[in-house]
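Below, each value reflects all heavy atoms present in this structure, side chains not excepted, and no hydrogens, waters or symmetry copies. Residue numbering restarts at 1 for every chain, and letters A, B, ... go by the order of the sequence lines. Because the structure is predicted, anything quoted here is derived from the model rather than measured.
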Amino acid sequence: MRTRIKELRARYNLTLEELARKVELRRETILFLEKGTYNPSLKLSHDVAKALHSSIEELFFFDEEL
Amino acid sequence: MILVIRSIILLRDRIINIRAGLPSTDEKSQKLHWKAGAYTYYATIWIAIGTLWYNIIFAVNLGFSALNAGQVVATIILALAAIWFMLQFSFLKKGDIE
């Protein structure tokens with residue numbers, strides 16, 4: 001799984017801590033999400049997408065969709 | 001000692017997050033915590049059975065010194081602590097377990 005979290009975070013000038021505070025997560029969890037090594041729940045995906053003014057489909061995608 | 005080290009590492013981790021104004025636990029840390037606990041539970045059952053087998057096979061049949069109740073409990077607790085620590089650490093590094 002890949003994500004565009006890092007790209008969108010840079011676009012909106014958000015640090016890891018700021019994004020973590022927005023979605024009430026630990027900083028390490030945001031790091032794992034950006035790497036695509038952690039599969040978030042639907043609610044968490046929605047919260048992260050909302051914080052980055054995006055949708056779940058635009059934020060998370062699987063390799064076969066590339 | 002293992003319990004103390006583990007507690008210090010986890011406490012330090014939580015304090016860093018709290019000082020940054022972030023939650024000390026979240027979905028991922030809770031999921032990994034529960035998974036590590038479940039696997040430790042299964043391992044503890046087998047360790048308890050293993051100590052029983054040791055007494056039956058090695059102590060009774062082969063003449064080794066049998067483990068008394070205190071030694072059995074200490075073995076189980078130490079093994080439990082070590083397994084839980086190793087599992088939490090490895091799950092934390094891995095990122096996710098499905």
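- For residues 7-20 of chain A, heavy-atom neighbours of chain B at less than 4.5 Å comprise A:Glu17, A:Ala20, sorted by residue number.
- Residue contact with chain A, scored on non-hydrogen atoms closer than 4.5 Å, involves the backbone of B:Thr25 exclusively.
- Using cut-offs of 30° and 60° for the angle between ring planes, the B:Tyr54 and B:Phe64 rings count as perpendicular.
- Under the 3.5 Å distance criterion, the side-chain polar atoms of A:Thr3 are matched with a main-chain donor or acceptor of A:Leu33.
- To the nearest 0.5 Å, atoms CD1 (B:Ile49) and OG1 (B:Thr44) are separated by 11.0 Å.
- A donor-acceptor contact shorter than 3.5 Å is absent between the side chain of B:Glu27 and the backbone of A:Leu44.
- Below 30°, between 30° and 60°, or above 60°: for B:Tyr39 and B:Tyr42 the angle between ring planes is between 30° and 60°, a tilted geometry.
- Under a hydrophobic-cluster definition in which Ile, Leu, Val, Met, Phe, Trp and Tyr are linked whenever side-chain heavy atoms come within less than 4.5 Å, directly or via other members, B:Phe58 and B:Trp53 are assigned to the same cluster.
- Not a single donor-acceptor pair under 3.5 Å links the side chain of A:Arg4 to the backbone N or O of A:Phe60.
- The closest side-chain heavy-atom distance from B:Gln88 to B:Leu32 is not below 4.5 Å.
- If you take CD on B:Gln71 and CG on B:Asn55, they are separated by 9.0 Å, rounding to the nearest 0.5 Å.
- Residues of residues 16-23 of chain B lying under 4.5 angstrom from chain A, judged on non-hydrogen atoms, are B:Asn17, B:Ala20, B:Gly21, B:Leu22, B:Pro23 in numerical order.
- Without hydrogens or angle criteria, B:Asp26 side chain to A:Arg26 main chain gives a donor-acceptor distance under 3.5 Å.
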